[in-house]
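Numbering of residues begins at 1 and proceeds along the displayed sequence. Not measured: the values here are computed from a predicted model. Side-chain atoms are counted along with the backbone in the values below, which use heavy atoms only and exclude waters and symmetry mates.
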Amino acid sequence: MPRLFLTNIPCDCEDTELRGWIEAQGFDVDSVRVIRDLVAGVSPAFGYVALRGARDDADPIKVLDGQQLKGRRLQVREDWRDEPHRR
């Protein structure tokens with residue numbers, strides 16, 4: 001299951017909105033978490049997405065990286081928490 005780290009997410013973006021956007025790109029989403037500041041309740045512009053499986057014809061990072069959501073160009077990378085030396 002590919003896990004992604006997204007940055008430059010619009011501050012007013014909700015989990016359900018990000019999930020819908022990724023699913024509209026043709027990917028099956030397992031979970032989405034837009035990180036929120038506990039006091040202010042807004043996102044510091046990053047979050048995590050776990051996919052159930054990638055499309056057979058596309059790498060999710062190549063497809064999603066650089067795409068715009070609500071006027072902001074997202075940056076998509078592999079979730080660094082999956083790296084063996086980080087555990």
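- Scanning all heavy atoms of the two residues, the minimum distance from Arg72 to Pro10 falls at CD-CA, 3.7 Å.
- A donor-acceptor distance shorter than 3.5 angstrom exists from the side chain of Arg73 to the backbone of Gly66, with no hydrogens or angles considered.
- Looking at every heavy atom in both residues, Leu74 comes nearest to Asn8 through CD2-O, 3.5 Å.
- Taken from CZ in Arg33 to CG in Leu18, the straight-line distance is 13.0 Å, to the nearest 0.5 Å.
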**Message:** Using salt bridge (charged side-chain N to carboxylate O under 4.0 Å, His left out), reason through Lys70 and Asp12 one step at a time and then give a plain yes or no.
**Reply:** CA-CA 9 Å; Lys70 298 174 81 172; Asp12 62 344; 3.0 Å; yes
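- If you take SG on Cys13 and CH2 on Trp21, they are separated by 9.5 Å, rounding to the nearest 0.5 Å.
- Closest approach of Ile22 to Leu6, counting heavy atoms only: CD1-CD2, 4.5 Å.
- The distance from the CG atom of Leu69 to the CD atom of Glu17 is 6.0 Å, given to the nearest 0.5 Å.
- When every heavy atom of Glu78 is checked against every heavy atom of Ile61, the shortest pair comes out as N-CD1, 3.5 Å.
- Between Arg77 and Asp65 there is a salt bridge, since a side-chain N of the basic residue sits under 4.0 Å from a carboxylate O of the acidic one.
- With Asp28 contributing its side chain and Arg52 its backbone, the two residues share no donor-acceptor pair below 3.5 Å.
- Looking at Pro60 and Leu4, their side chains come closer than 4.5 Å, going by heavy atoms from C-beta outward.
- Looking only at side-chain heavy atoms (C-beta outward), Phe27 and Val63 come within less than 4.5 Å of each other.
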**Request:** Take Phe5 and Val49 through the side chain to side chain contact (heavy atoms under 4.5 Å, CB included) test and state the conclusion after the steps.
**Result:** CA-CA 7 Å; Phe5 174 67; Val49 174; over 6 Å; no
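- The CG atom of Leu64 sits 13.0 Å away from atom CD of Gln75, with the distance rounded to the nearest 0.5 Å.
- The shortest side-chain heavy-atom distance between Ile35 and Tyr48 falls under the 4.5 Å cut-off.
- By the 4.0 Å N-to-carboxylate-O rule, Arg19 lies too far from Glu14 to be salt-bridged with it.
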